[in-house]
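For reference, the structure is listed below as structure tokens.
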Amino acid sequence: MKTTSIKKIWREGKDLIDSDILISGWVRTSRTSKTFGFIELNDGTFFKNIQIVFDENLNNFNELAKISIGSSLIINGKLVESPGDKQPFEIHATNIEIAGLCEPDFPLQKKRHGNEYLRTIAHLRPRTNLFSAVFRVRSLIAYAIHKFFNESGFVYVHTPIITSSDAEGAGEMFRVSTLDPEKLPRTDKGEVDYSKDFFGKSTNLTVSGQLAVENFCAALRNVYTFGPTFRAEKSYTQTHASEFWMVEPEMAFSDLNDDMDLAEDLMKYIISYLLENAPEEMAFFNQWVDKTLMDRLTNLRDSKFERITYTEAIEHLEKADKKFEFKPEWGKDLQTEHERYLTEEVYSKPIFVTDYPKDIKAFYMRMNDDNKTVAAMDLLVPGVGEIIGGSQREERYDLLLKRIEDMGLEKEEYWWYLDLRRFGTNKHCGFGLGFERTVMYMTGVENIRDVIPFPRTPKNAEF
RNA sequence: GGGAGUUUAGCUCAGUCGGUAGAGCAGUUGACUGUUAAUCAAUUUGUCGGGGGUUCAAGUCCCUCACCUCCCGCCA
């Protein structure tokens, strides 16, 4: 007999009433009286459980009466309408095979645990309501992103994980090497001789796929990369991880407005997809994690994102009643407190901030006509802060070269990136969307470590 | 890199003025013919994060190390 998923039972329950079915899964909770009992079983296919009713006619009733939470069962039975008001149907078991008992030191209990504690048992936490919902939604968001780009004619490009260039000077990188740190080869000058390393040069884990994907943008037009990214900064915050995933689209013959349109469409698409395909999970988040979640998401889906320039943002901040720890000043980067004030208090919705001073942005961003600002945009959202960073790229060879030199970068490292500006250059743009920050925003979960299956942060690579 | 806080039972946490450690839940045992965080009764559990110091006496005060958490910076 074929196993029926609990998802199928919940979705098509009425059609299955009175039929014999086979299910399997893990005990979430059980309640037993003298001659009968109830088991709530979760099989991983659906957020909700199914209630199993068993009685003393089963030959292993005594064992089942004290079944421990977490045990795995294989159940034959009949699906019937339930007299209880908490569920429309239940299964009257005709046979229950105990596939694996759960030993008494199983750490998950029939009560709420703190997220901090659950992080220490990351191998078991996906069995909880919250984490099963988070990781199912994480998967759905990833799928929605691919679906969105695919339907929009974008080509998915796998950019390299191991790179030899410091892509944007984006901070500390993890070194990739097969050299023995105990006996490093040295040059005559006493420096480490990377020509003896595996790739014959110094290599690192990628901090961004953007420079690589731009090359494909000049060939396949609209492209995106979506993969793991690594940053070795010692960031102890709720929104930073050492290993995270990033979505980076790139569009040829497009400007910053096209870029923002794309970002806005993508965010809205993801929300619509989740509301349609994960209603149980979203309702759960709304009830237990963030009571404003559904309102926030539906508002975002239905509203136009605000677009303001950096200069306007500074003006807003300067005339604000609020006392900031750091005084807003044109030419300095916006502090987190500034960003939060703008997106949470002034607009109460996502906002794009555009046209930042050139000195606080990366070398590849396109110089504006004022010669002071670049065509950059950050998308700020309430609760999470910066979720997207993007720009129109500098397509003019001379200006790009000058920026590389002015910022003290090695132009030899970027020869192939500069080539793009020599061989049929075009106005193009793109952005990086923090995948985990998106999951946080869509679920209301406040810590990035709780939306990554096995999070990596400084001093933590357990599991 | 800078700053703050936390660490007590399996989990969540209380512990007053320094006087030798407690609650709820979980677990275990029993009762119960429709429960749903089931209920009721009984009951077990501690190197108070590690090390050092002050004191007649330290979970409590001081020093130090570690871990975790949070804020800032860096960014996504």
Side-chain angles (χ1 to χ4, degrees), chain A residues 28-41 48-56 65-66 68-69 80 82-87 90 92 102-121 129 167-173 207-210 226 228-248 263 288 324-326 332-340 360-362 378-381 384-390 431-441 446-449 451-452 457-460 462:
Chain A
R28 279 292 177 81
T29 175
S30 73
R31 302 168 283 274
T32 311
S33 296
K34 194 176 185 178
T35 58
F36 66 94
F38 305 92
I39 290 171
E40 279 186 49
L41 198 79
K48 293 181 176 178
N49 307 317
I50 194 119
Q51 175 164 281
I52 312 297
V53 187
F54 63 100
D55 62 30
E56 58 187 342
K66 51 182 181 182
S68 46
I69 293 170
V80 299
S82 174
D85 55 2
K86 295 277 175 71
Q87 61 279 319
E90 61 193 22
H92 285 188
C102 194
E103 297 187 15
D105 58 343
F106 185 57
L108 293 175
Q109 298 172 10
K110 231 187 279 196
K111 55 171 274 193
R112 283 192 89 175
H113 292 284
N115 288 175
E116 242 177 83
Y117 169 66
L118 291 169
R119 266 173 233 152
T120 68
I121 49 168
N129 283 334
E168 14 178 331
E172 297 296 310
M173 297 189 289
V207 294
S208 166
Q210 180 204 316
F226 181 8
T229 309
F230 307 87
R231 306 253 169 109
E233 271 107 15
K234 289 185 177 164
S235 302
Y236 300 94
T237 78
Q238 294 187 85
T239 51
H240 289 83
S242 311
E243 176 181 327
F244 63 98
W245 283 55
M246 190 153 61
V247 183
E248 295 174 286
W288 296 102
F324 295 111
E325 192 186 339
F326 294 91
K332 295 205 168 150
D333 210 353
L334 298 178
Q335 300 280 318
T336 298
E337 60 176 340
H338 302 149
E339 296 181 342
R340 292 189 76 120
I360 57 173
K361 287 292 180 185
D378 285 354
L379 177 62
L380 312 178
V381 295
V384 173
E386 184 177 342
I387 199 168
I388 282 176
F431 61 80
L433 168 70
F435 180 64
E436 282 78 11
R437 290 184 184 176
T438 307
V439 178
M440 290 167 71
Y441 189 72
E446 287 183 327
N447 196 306
I448 197 167
R449 283 161 277 197
V451 299
I452 300 176
T457 51
K459 294 271 161 61
N460 185 3
E462 190 67 43

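Treat the numbers as computed from the prediction; the structure is a model and nothing was measured. Here is the naming used below: chain letters follow the sequence lines, and residue numbers restart at 1 for every chain.
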Indicate whether OP1 or OP2 belonging to [N] is found under 4.0 Å from a side-chain N or O atom of [X].
{"X": "A/Lys86", "N": "B/A37", "answer": "yes"}
{"X": "A/Arg119", "N": "B/U69", "answer": "yes"}
{"X": "A/Asn447", "N": "B/C70", "answer": "yes"}

Pairwise [atom1] distance, [M] and [N] [rounded to whole Å]:
{"N": "B/U8", "M": "B/A4", "atom1": "P", "value": "22 Å"}
{"N": "B/A14", "M": "B/G24", "atom1": "P", "value": "16 Å"}
{"N": "B/U6", "M": "B/U43", "atom1": "C1'", "value": "33 Å"}
{"N": "B/C40", "M": "B/C25", "atom1": "P", "value": "9 Å"}
{"N": "B/C48", "M": "B/C61", "atom1": "C1'", "value": "16 Å"}
{"N": "B/A21", "M": "B/G3", "atom1": "P", "value": "39 Å"}
{"N": "B/U60", "M": "B/U64", "atom1": "P", "value": "16 Å"}
{"N": "B/G59", "M": "B/C65", "atom1": "P", "value": "22 Å"}

Between [options], which one does the side chain of [X] approach most closely?
{"X": "A/Gln109", "options": "B/C25, B/G73, B/G34", "value": "B/C25"}
{"X": "A/Lys459", "options": "B/C71, B/C67, B/G10", "value": "B/C67"}
{"X": "A/His92", "options": "B/U33, B/U69, B/G34", "value": "B/G34"}

What I want to check is whether an N or O donor and acceptor connect the side chain of [X] with the base of [N] at under 3.5 Å.
{"X": "A/His240", "N": "B/C75", "value": "yes"}
{"X": "A/Lys111", "N": "B/C11", "value": "yes"}
{"X": "A/Gln238", "N": "B/U69", "value": "no"}
{"X": "A/Gln335", "N": "B/G73", "value": "no"}

Separation of [X] atom [atom1] from [N] atom [atom2], in whole Å?
{"X": "A/Asp333", "N": "B/G73", "atom1": "CG", "atom2": "P", "answer": "9 Å"}
{"X": "A/Asn115", "N": "B/U12", "atom1": "CG", "atom2": "P", "answer": "11 Å"}
{"X": "A/Asn460", "N": "B/C70", "atom1": "CG", "atom2": "P", "answer": "12 Å"}
{"X": "A/Asp105", "N": "B/C11", "atom1": "CG", "atom2": "P", "answer": "12 Å"}
{"X": "A/Asn49", "N": "B/U35", "atom1": "CG", "atom2": "P", "answer": "18 Å"}
{"X": "A/Tyr236", "N": "B/A66", "atom1": "OH", "atom2": "P", "answer": "11 Å"}
{"X": "A/Leu334", "N": "B/C72", "atom1": "CG", "atom2": "P", "answer": "14 Å"}
{"X": "A/Glu172", "N": "B/G73", "atom1": "CD", "atom2": "P", "answer": "18 Å"}

Is it true that a side-chain atom of A/Ser68 and a backbone atom of A/Cys102 form a donor plus acceptor pair closer than 3.5 Å? yes
Hey, does the side chain of A/Glu337 reach the backbone of A/Glu325 with a donor-acceptor pair shorter than 3.5 angstrom? yes
Salt-bridge criterion met for A/Glu56 and A/Lys34 (N-O under 4.0 Å): no
Using side chain to side chain contact (heavy atoms under 4.5 Å, CB included), reason through A/Leu433 and A/Ile388 one step at a time and then give a plain yes or no. CA-CA 5 Å; A/Leu433 168 70; A/Ile388 282 176; 3.4 Å; yes
Just by distance, no angles: are the side chains of A/Arg449 and A/Asn115 close enough, under 3.5 Å, to form a donor-acceptor pair? no
Using a heavy-atom cut-off of under 4.0 Å over every strand shown, decide if A/Leu108 touches base, sugar-phosphate, or nothing. nothing
Assign A/Thr120 to base, sugar-phosphate, or nothing according to its heavy-atom contacts below 4.0 angstrom with the strands shown. nothing
So OH of A/Tyr117 and CG of A/Leu108: to nearest 0.5 Å the spacing works out to 7.0 Å
A/Pro83 or A/His113: which one's nearest nucleotide on RNA chain B is closer to the 5' end? A/His113
